[in-house]
Every structure is written in structure tokens, then in C-alpha cells.
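The chain is numbered in sequence order, starting from 1. All of these numbers come straight from a predicted model, not from anything done at the bench.
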Amino acid sequence: LTVIFMLCPYSYVVESKIEPFYKGGKVQISKDEKYIFCTCGSRVNVLEISTGKIVHSVEHDDQEDITSFTLSCDDEMLVTASRALLLKQWDWRQAQCTRSWRAIHTVPVASMTFDSTSTLLATGGCDGTIKLWDVVKQYCTHNLKGSSGVVHLIQFHPDISRLQLFSSSLDCGIRLWDLRSSRCVCVLQSHYSAVTSLSFSPDGGTMVSSGRDKICTVWDLETRKAKRTVPVYEAVEGVVLLPEDKDLSEIGVKSKDLHFITAGSKGVLRVWEASTARCVYTQTLPSPLTAVSEVEEERDDDPRSLTFLLHLPASSRLATVTAEHNIVLYQLPGLTIQQQVGTDVEFVGYNDEVHIVVATNSCQLKVFELLTNSCQILYGHTDTVLSLDVFKKGFLFASCAKDRSVRVWQMDSDSGQVHCVAQGSNHANAVGSITCSRMKASFVVSGSQDCTVKVWDLPADLSTTGADVHQLTPRATEKAHDKDVNSVAVSPNDKLLASGSQDRTARLWSLAGEGNVGLLGVFRGHRRGVWAVCFSPVDQVLATSSADGATKLWSLQDFSCLKTFEGHDASVLKVIFVSRGTQLLTSGSDGLVKLWTIKTNECVKTLDAHQDKVWGLHVSRKDDKVVTGSADSNITVWVDVTEVELAEEQAKQEDLILKQQELSNLLHEKKYLKALGLAISLDQPHTVLTVIKAIRQVENSGELLEKTVLKLRVDQKESLLRYCAVWNTNARNCQDAQAVLQVLLTHLPPEEILQYQGARTHLEGLIPYTERHMQRIGNLLQASMFLNYMWQKMRVAGPSLFTKNNCYCRAIQVECSGR
């Protein structure tokens, strides 16, 4: 007979985190092209481009949001400006502030830049003024006035010998400042909306400006006049002049004329020939496979729209920043995607043991590789993705969105690239939940805000060619609830379906029939809407979680409630079974994840790493890892360390037993110094007291105690002083404490004792108890003197009195014995 004991997890720790690194604002790339600098609230994060991970971070002490920053051209200095009107200069590699000073601006700084020598710093304020600072000599050199409104763009001419500064504000003009005279020498007028970026030719004689008025202007800086106005038919956020010495024929550059590339509201990069104002190349991106109207194509709030365009000349790359805070790097000359980095999270799911799929608060899906944090952005849905689920074979998963559609995605096991292989759209409202078949990839089930559930059969062969995808049609449609369907789940044998709804009920359906979904029963008991349903992998049990803060287990036989788990302070958003159905994991709006043991109804662990609602909760196939996603934009990967902690605890117990045995041997051998040191290292005050008592029982105890205590290390003496403060509170142990204190206070200088941690507190605590012990000894001494006096008087009274008293005592003893 073989008995197998399964160790249930009770302890998870954070293994890794994917955190938001960018929340809008400026983005800059270091000159060596190894790092990306971007703002994130009160911090500037530094990302290593090769790994996509945050390697440095600087933050203002006052927690004020950073309004602007700039990196010097030699990559040595980082200067930030906050809403508190403070400018700070940083050694960003050490995350140390080397200097801070008050900005003379009366309102926050909106833009800033360094010149090519990294000596002059220019700051543009919301008060319409521009200040120039000598960061070496540390003083303000210029105060340029004349701009109207916020100065949102400032840039030095690349040829520092010209000492020219360009700026733009709300008047849509480009001001040219002569720094020798501190005067505005001209205003370049061409744009009718905000000017967003400037790009200079290598010789410094030509400049291209872009604006949100859907034009780009080519300027001759010698004559200070516009050479050409190029209509680009989109609000442009970034423009970069392409190098003339490289072969860029792949993107339409066929001549040596001036060419530039634009990024804007349409979300694509386009190459323009300046001399003819002609678009010679338009980038193609994966587009939604559903029809998009012309109005939707022209809208300016497309989530794919680009907000920044940066040139990396050394590696011939371009970096773009999207409206959804994704950073994408393209390799010239073909504009092939080299790397993508993304943030934000709502729902998560394991795609395999290496990747996780993330549904964000957008129409895009993101696939993260856990080892490198590299991100792959998936386009397809046209509105916010609401839910996703993964098939048993991890390279296939499904998603649903507000665009009323469901999609099935497949990852190539070799390249890791993901593409859409099937799509269905038949719901009348947003699709809020989706689940996959468990045994094999044969169907998906969706639940919608139109109160229906639909079963979609998948084709046997999901392979696709090119842009073709399989079109799905629902095998069965059933009006399942009276309100929105929040969750659906398929049983492990693919024969049952459970649904949870805002109508406060969960329902059980049969999937065995041909073409129909049959109702088997209703689970009633929650006081508010049901957020999640989940089948047990081993028992005929269903788990539900609700906005009433409770999680319930239901019998599939009679639909009765078996157990209720309460512990969350708010809605329980997700529930899953772990440990072969013996435990539950729940996540809630309180930002907590709780682990429950079903047999005892006990919460054995609470995981606290999020600051907002935990919408996403998924577990690996082996139950050894859990991934959570929260509205705080953090993805947390937890690892089960139960076996490790138990092994560590067992090792500690074994080590403790060995040390206690060694201590006993040392006491037996009267090696008191080693015994005392060992007892202190075990941090066992009672054992230390036992050693002290043993020392005080031998001959010449005072000399031996003094020799032993003084040979201890400083940290051991510190611990001994702490123990004495505790022993001194008890009359039984006060003499041992006082003996040790006498040694310490007699032989150690006061300066050394006061250096001990908490020494003042311990000494102050010793005084009142010592005074109490002294008072008790004084009273005892008086009583003993009185007893001695009485004894002397009794001796004077003579033997007859003793005999008489002895008879009285015996009579009393006999009487007490009789009773």
C-alpha cells in the first residue's frame, strides 16, 4: 500500500514584476543609444533598450510630478523640473541629486533642452519666458521674453557657433533668438496650429517643422523663409530628416534630394520628398480585419496614433511612441519592427510557461516574454478587449472585446510570433467574457452584455495563409440571464457550461446536445452580481465569486451552497481552483489575493502587492506560479515557495537541536565562554540566564563571571545588556542581572555602553526596578535585625521558656494533624 501526501501551497512570494515605466510626457534616447528616458509621474525611468527593463530611476523627494526633463548631449547630466518650480541636476547612473535650484519661472517649466556642448540649459515656462542657465558656472545667463503663452518647444541650432535658439508657443510661430543680443530676430510664420517638432539638416542651413495643422514646412535658415509647404493630411507629432549618405531605396528614397519622415495621428510612418511635396512611402501595419469606415480612419484619437518620433543615427533606427504609451523601434532602411515595449494591464493569462498574454484597457493585446520582458503588440480588435482565456495547449488563446467580436490567436512555437487565426462577430453588444474548451481546441464560449451566451465551433485545421482568417459562426445561442453575463466557464470534460451574471445568479448548462444549450439548474444565494465562475478539476463542485465580497462553493447535484468564504473587503473579481481542487485563489477590488483551504474554510495566505483592483488571476499548469494583473498597471508573477520554506524551517530546527546539544556539552565541560556565546547567538535569553546561573554557582564565581563577560564580542555584550533589562524585572533573576550589570558598568567606559543599540532605553528601564529591589533588600535587612534582637531576648529568658514554648508548638502540631 502506497500513500502519497500532497503538499498544499500556503506561501507565495513575488518572483518578478512588469511595471509601468511611462505615463505620458517627454521621451528621450541617450546619445550612445543604449537607454530610453521617460517620465512616469514623479519619476524619470531609465530603460535599457536591449532588455526593456528599468535599470535606473530618479524621483523628486517632494513627490511632485515632473513636468519636463532633458539629458545632456554627453549623457552625463540629467536635469528635471517639477511642479514645485524646482530644477534638479542628477547623476542618473547613481540616482543621486547633485544640485538643485529654484527656477525663476513663476509657473511650471514646460520644455527644456541642452546645447551641443552640454554647457547651456534652456527652459521654457508656462509663463511665456525662456531662461538660459550655465550649468558649469551655475547662474542664469539669459531671460528671454516675448512668447505668448506656454513655451512647449525649444531647441538649439546644432551649430553652437551661431548661438541661436528656436522656440514655439501658443501663437504657432517659430521664434529665432540671437543669444548674443538676447533678442528675437525673427518669427517664422507658416503654421496655424501648435508646432510639434523641428529637424535640422547636417549643414544647419535647412530646417523642417511639423504641426498639428497637418502640414510640414521646409525652411531656408539663411534667408529665414519657407522653401516649401508639404501637406501631409494628418496631425504630425514628429519629423526626422533622413540621412543623405545611406541607401534608403526600400522606403522610396530614389534621389539625393531632401527627404523626411513623419509620424502622427494615423499611426504610420510616411516618407516625403521635400522638393516635390510628394509621399514616396507609407508604412503598412497589421490592421483590423473588420471593415473600417472613412470617418474612423480619419479620427485623431486612434489608439495607434504616434506622439513622438526619435532618430537613432548610430544604429540607423527610429523610435516611435504611441498614444497608448507603447515604444516601438524600427530598423532602417526597411522600417522593420525590431522591438516593442508596452505598459498597462487589466487581464492576464499564461500562454505557456514563458509568455503571458495581457489584455489592457485598449483594443490591443500584449504578449510578454517573462525572461526578457520583451513585448509583442497584437492588433485586431477595434475596441477595448474585455477578457481572454488560454486553451490547454498553451500556444492557442481566445479574446473578446467591446467591438462585439471574439478572436482566436495562435503563437508560432518556433518564432514566438502571434497571429489571429479565427474571428467571429454575432453578438448585439459588448462581449465581456470568454472561455475555451478544456479537452481539446474544439470550441469557445462567449458571454455578452446582450444577456446571451454563444458556442463557437473551431475548424479542425486552424492554419492560415497570409491575411486570411477563419470566420466563425455560433453553433448555439441562448438567452442565459436577465442582465449582463460577467463570466463563463467550461467543465473539465467539456460537457457542462457555467455562467455568472449581474442578475446575482449563476446557471449550469449542458453542452452535450446537438446545437442546443440546455439549462440544468440555477445557483441562487449571492446578494450582488456574480463576477466569476469556475469548475473544480476533481469534484462536482462550482465556485462563484461576487460583488457581495463572498466566494461560494455549490454542488452540481442539487445546486445547494456547500461553503461560503468571506474575507475580502470589497467585490471578489476572480476565483480559481489550485492544488488539485483542495484550495481556492481569489482576487478582489481591495487589491488583495487570498489563498483558501477548502476543507477548513481558512484563509492561509494573503498576497498584497497591488494598489488597485486585481482583475487578472491565472495559475500555471503545475500550480507553482501565479500571475496577477491589476488596474494599477502592474503585472506580478508569484512563485510557490512552500517546499523551500519548509525545508528552511526543517534545517533551522535541525541546526537548533545540534546547537542545544552542543550547549549542553559545553556546560557539562564547564566551557562557559563558548557556552555563553552560543546561547547569545541562538537569541535565547532563558538559555543565557541558565549559563549565568551555572557560572555563579562555582567557586570564585565573581572572577569567573567577570572574565567570561569581558571576553564577549561587542554585539554579544549589547545583547547581554538587553537581556539584563528583562531579567531585572523579575525578583528571582534580579541578582543574576545585577551581577552581569556590575561587570559591564564597572569595566566598560560609559561612551562605549551608550553606543549600544537601545542602550539609553535599557538603562532607563533598569533604574526603577533596581530601586525597587534595593528597597526590598533594605526591608529584609531590617526584618532580619529585628529577628536577631528577638532571638537574643529569648536566650536571656532562660531554658524554661524554651521548654514551655516547645510544648505549645507540639500541641498545635498534634491538633493540626488531627484536623
Atom CD of Glu76: over 12 foreign heavy atoms under 6.0 Å: yes
Residues Lys625, Glu15: salt bridge by 4.0 Å N-O rule: yes
Test: Arg162 and Glu222 ion pair at under 4.0 Å: yes
Pair [X], [Y]: side-chain N/O donor-acceptor within cut-off below 3.5 Å:
X: Glu59; Y: Ser42; value: yes
X: Gln155; Y: Thr113; value: no
X: Asp91; Y: Thr98; value: no

Distance check, rounded to the nearest 0.5 Å: [X] atom [atom1] versus [Y] atom [atom2]?
X: Arg102; Y: Leu85; atom1: CZ; atom2: CG; value: 5.5 Å
X: Cys40; Y: Phe21; atom1: SG; atom2: CZ; value: 9.0 Å
X: Leu86; Y: Thr80; atom1: CG; atom2: OG1; value: 9.0 Å
X: Trp219; Y: Ile174; atom1: CH2; atom2: CD1; value: 5.5 Å
X: Ser265; Y: Lys214; atom1: OG; atom2: NZ; value: 6.5 Å

Result of checking Thr67, Val107, Ile66 against Arg83 for side chain to side chain contact (heavy atoms under 4.5 Å, CB included): Thr67
Member of Thr636, Ile635, Ile54, Val637 meeting the side chain to side chain contact (heavy atoms under 4.5 Å, CB included) criterion with Lys17: Thr636
Nearest atoms (heavy-atom pairs only) where Glu324 meets Cys363: OE2-N, 4.3 Å
Could you list the donor-acceptor pairs under 3.5 angstrom formed by side chains in residues 130-138, with sequence neighbours left out?
residue, atom, partner, partner atom, Å
Lys131, NZ, Asn143, OD1, 2.7
Trp133, NE1, Thr123, OG1, 3.3
Asp134, OD1, Val136, N, 3.0
Asp134, OD1, Lys137, N, 3.0

is_close_aromatic(Phe200, Phe166), centroid dist under 6.0 Å: yes
Ring pair (Phe, Tyr, Trp, His ring centres under 6.0 Å) pairs, two or more places apart, involving residues 24-57: Tyr35-Trp92, Phe37-Trp92, His56-Trp92
